[in-house]
Asker: 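Sending over a structure as structure tokens; questions will come in a sec.
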Protein chains: 2
Amino acid sequence: MRTIKWQNGTVITVDQTKLPLETVTLKIKTVDQMAEAIKNLRVRGAPLLGACAAFGLALAACNSKASCVSEVLTELEDAATILKSTRPTAVNLFWAADRVLDKARDFSGDVEELKALVVGEAQSIADEDAEANRVMGENGAALINDGDVVLTHCNAGELATVEYGTALGVIRAAWKQGKNIKVIATETRPLLQGARLTAYELKRDGIPVTLITDSMVGYVMQKGLVDKVVVGADRIVQDGVANKIGTFTVAVLAHEHGVPFYVAAPKSTFDLTRKSADIIIEERKAAEVTHYGGKQVAAEGVNVLNPAFDVTPLKYVSAIIHEGGVYYQKDFTQFKTNAPA
Amino acid sequence: MRTIKWQNGTVITVDQTKLPLETVTLKIKTVDQMAEAIKNLRVRGAPLLGACAAFGLALAACNSKASCVSEVLTELEDAATILKSTRPTAVNLFWAADRVLDKARDFSGDVEELKALVVGEAQSIADEDAEANRVMGENGAALINDGDVVLTHCNAGELATVEYGTALGVIRAAWKQGKNIKVIATETRPLLQGARLTAYELKRDGIPVTLITDSMVGYVMQKGLVDKVVVGADRIVQDGVANKIGTFTVAVLAHEHGVPFYVAAPKSTFDLTRKSADIIIEERKAAEVTHYGGKQVAAEGVNVLNPAFDVTPLKYVSAIIHEGGVYYQKDFTQFKTNAPA
């Protein structure tokens, strides 16, 4: 099922902050509405954010009253600035916005043709992501054995992508191949994407899933209950993988217990001109930690750290699954020359 | 401030499930009320549970209508059975109940004298815990340097003990010595003892504290933001330390980052006739993970693991601080002969 759709000049998606208890359809008609949805995590997940940025520019194009191509281009650039200012860490958002902008800049023709081009390019980005996830799923499923228990963190599922999922795509593909696997999902504080979204997707698809708190990862590994870890990524740089806060903790525990740690991400998540130190880690508001459902849970006025992501050095990563195949440790050295095989 | 007090045949404490937003005094008058308070975590923390078991027997003694000593003894044994059935992991509860029972069994005299003896022994257990925490604090403070940032997990504070705290006792003593320290407290899902109790205690005492989710421990260590870890314990056996779920995860991360990992616990927490494999890990109800404040947060019907504790092998423990001094790695080998120096 597509997580995001373009329908007659409107972007149709689901408000992920309301899942799993309510399924509220979002109809996004303007760039500002798209920016709001991204900032407030109504839509989230690196590959989906790529599609959101692209469709955001499609909205800007369609809503334009400009009468000449250069004016439309200026409006697209302004829209891209707004969209890029929403969240700093997932690279797909920047990648998709730039891809659409580059296409528009190279264009020659009239205003209506430009609008059609932008919408078409956004649609291509969405279609390619769906396809990449399916291929990635097949590539990754080869690493999963019959009977494996696979631990995943956060939601790198259908809801984080246009369709199918990255980490959950690998799990889905293994399951579809008849492998009798089970999943352990971490709840993923502070925003509980594991409890709310991953558990929901897997339950819906009939794939056995057990929910744990993030603090239980050490326990389940110590007990030998985990065979593999598969997570998604928000940005892959020369020396590390940025992903949801807590991923690094899981990676260290996997390393300590000899559990393979796999990352599944499309090429649009790779940013090999940069290093870990270049990544801006989004710091979100304290209330995500101190409150739940609008209700205060922590001691009044306590100071809070709330980084939304962490970066896992490549030494902890066993392999990176992508739509072109699988990079293993031996391939990671090529990341520094920006030209993996 | 005493967390638990004996007042004219009533146990006075605070309902810790309501903290920090409400301070509700509990007046416990019967063994059944005490058992309910323990089971539902209105009182918690290994040393405090020892005092609760002892005072529970004091309630049984005082409430007894028996006219002969052997009848009172039988009632005390029945009460001990009820109290011991509440929670299986923290050894202090069993230790304290047995200490009071042994004292009562060895007694000769009349019923009123026996009642007074039981109340007196319970009071001694409470007083000794308060004193042990202060001495332990001094012993542990020697390991904390001026300027250190100390990470702690769960609540091993005043609220987990009769007074002062184990891990937080070490932090309090260092602070009192004028060491300019800061604390990072993990929120400690599922029941948020870190967010609710540790942050509250430290804020109240003016000790700088920053709250993080459990998933951020790797992040703060990777960033070099943590100098020491100090946690409490629920049971120390020959080869490991049982403590709140998530402790093992913190210990592995500390080990990986070269951060000293200290455990602070009174002798009443030591159970050196046993090994890790002998420890019964309490599995609590799924709703603690799937719900918050009575409200469902996770996907409907998802399977859940909810172990309340984990066991950290001694290889990850730099030292154990107790009221008699500090055991270092070199001392741990003596645990197997049940006779540490």
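Just the heavy atoms: all of them, side chains too, but no hydrogens, waters or symmetry mates, feed the values below. Residue numbering restarts at 1 for every chain, and letters A, B, ... go by the order of the sequence lines.
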Asker: In terms of heavy-atom proximity below 4.5 Å to chain B, should A/Gln296 be classed as side chain, backbone, both, or neither?
Answerer: both

Asker: Among B/Pro20, B/Ala299, B/Gly218, B/Ser215, which residue forms the greatest number of heavy-atom pairs with chain A at distances under 4.5 Å?
Answerer: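 Ranked by heavy-atom pairs under 4.5 Å with chain A, first place is B/Ser215.
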
Asker: Taking atom NZ as the centre, does A/Lys179 end up with more than 12 heavy-atom neighbours from other residues, nucleotides or ligands that are less than 6.0 angstrom away?
Answerer: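 Buried by this count: over 12 neighbours within 6.0 Å.
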
Asker: State whether B/Arg172 and B/Asp205 are salt-bridged, where the test is any N-O pair (Lys NZ or Arg NE/NH1/NH2 against Asp/Glu carboxylate O) under 4.0 Å.
Answerer: yes

Asker: Surrounding CD1 of A/Ile280 (heavy atoms of other residues, nucleotides or ligands, distance under 6.0 Å), is the total greater than 12?
Answerer: no

Asker: For chain A, which of B/Glu300, B/Glu187, B/Arg196 has the most heavy-atom pairs under 4.5 Å?
Answerer: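 Heavy-atom pair counts peak at B/Glu187.
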
Asker: Pick from B/Ala195, B/Ala199, B/Ala185, B/Ala286: which one has the most heavy-atom pairs with chain A under 4.5 Å?
Answerer: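 Heavy-atom pair counts peak at B/Ala195.
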
Asker: Compute whether any side-chain donor of one residue and acceptor of the other, for B/Arg44 and B/Gln16, lie under 3.5 angstrom apart.
Answerer: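 Looking only at side-chain atoms, B/Gln16 and B/Arg44 do form a donor-acceptor pair, the distance falling under 3.5 Å.
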
Asker: Got a salt bridge between A/Asp271 and A/Arg274, using NZ or NE/NH1/NH2 to carboxylate O under 4.0 Å?
Answerer: yes

Asker: Checking heavy atoms, do the side chain of A/Leu305, its backbone, both or neither come under 4.5 Å from chain B?
Answerer: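 Contact with chain B is through both the backbone and side chain of A/Leu305.
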
Asker: What part of A/Glu288 gets within 4.5 angstrom of chain B, counting heavy atoms only: side chain, backbone, both, or neither?
Answerer: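 Neither the backbone nor the side chain of A/Glu288 comes within 4.5 Å of chain B.
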
Asker: With respect to chain B, which residue among A/Thr247, A/Val311, A/Val302, A/Thr198 yields the maximal number of heavy-atom pairs within a distance under 4.5 Å?
Answerer: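 Heavy-atom pair counts peak at A/Val302.
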
Asker: Is it the case that A/Ser276 and A/Asp239 place a side-chain donor and acceptor less than 3.5 Å from each other?
Answerer: yes

Asker: Need one label for B/Leu225: side chain, backbone, both or neither, based on atoms under 4.5 Å from any heavy atom in chain A.
Answerer: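 Only the side chain of B/Leu225 comes within 4.5 Å of chain A.
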
Asker: Which members of residues 312-320 of chain B, sorted by number, sit under 4.5 angstrom from chain A on a heavy-atom basis?
Answerer: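 Heavy-atom contacts from residues 312-320 of chain B to chain A are B/Pro313, B/Lys315, B/Tyr316.
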
Asker: Based on non-hydrogen pairs under 4.5 Å, which of A/Asp310, A/Thr290, A/Val252 is most in contact with chain B?
Answerer: A/Val252

Asker: Under 3.5 Å, is there a donor-acceptor pair between the B/Thr210 and A/Asn303 side chains?
Answerer: yes

Asker: Return yes if a side-chain donor-acceptor contact under 3.5 Å exists between A/Asn243 and A/Arg235, otherwise no.
Answerer: no

Asker: I'd like to verify something: which residue of A/Gly246, A/Pro307, A/Pro190 has the highest number of heavy-atom pairs under 4.5 Å with chain B?
Answerer: A/Pro307

Asker: If you measure from the Lys or Arg side-chain nitrogens to the Asp or Glu carboxylate oxygens, is any gap between A/Asp148 and A/Lys228 under 4.0 Å?
Answerer: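 Yes.
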
Asker: Side chain, backbone, both or neither: which part of A/Val220 has a non-hydrogen atom closer than 4.5 Å to chain B?
Answerer: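 The answer is the side chain of A/Val220.
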
Asker: Identify which part of A/Ile245 has an atom lying under 4.5 Å from any heavy atom of chain B, answering side chain, backbone, both or neither.
Answerer: both

Asker: Charged N to carboxylate O below 4.0 Å: is that the case for B/Glu158 and B/Arg204?
Answerer: yes

Asker: Under a 4.0 Å threshold between the charged nitrogen and the carboxylate oxygen, would B/Lys203 count as salt-bridged to B/Glu201?
Answerer: no

Asker: Side chain of A/His255, backbone of A/Ala251: donor and acceptor closer than 3.5 Å?
Answerer: no

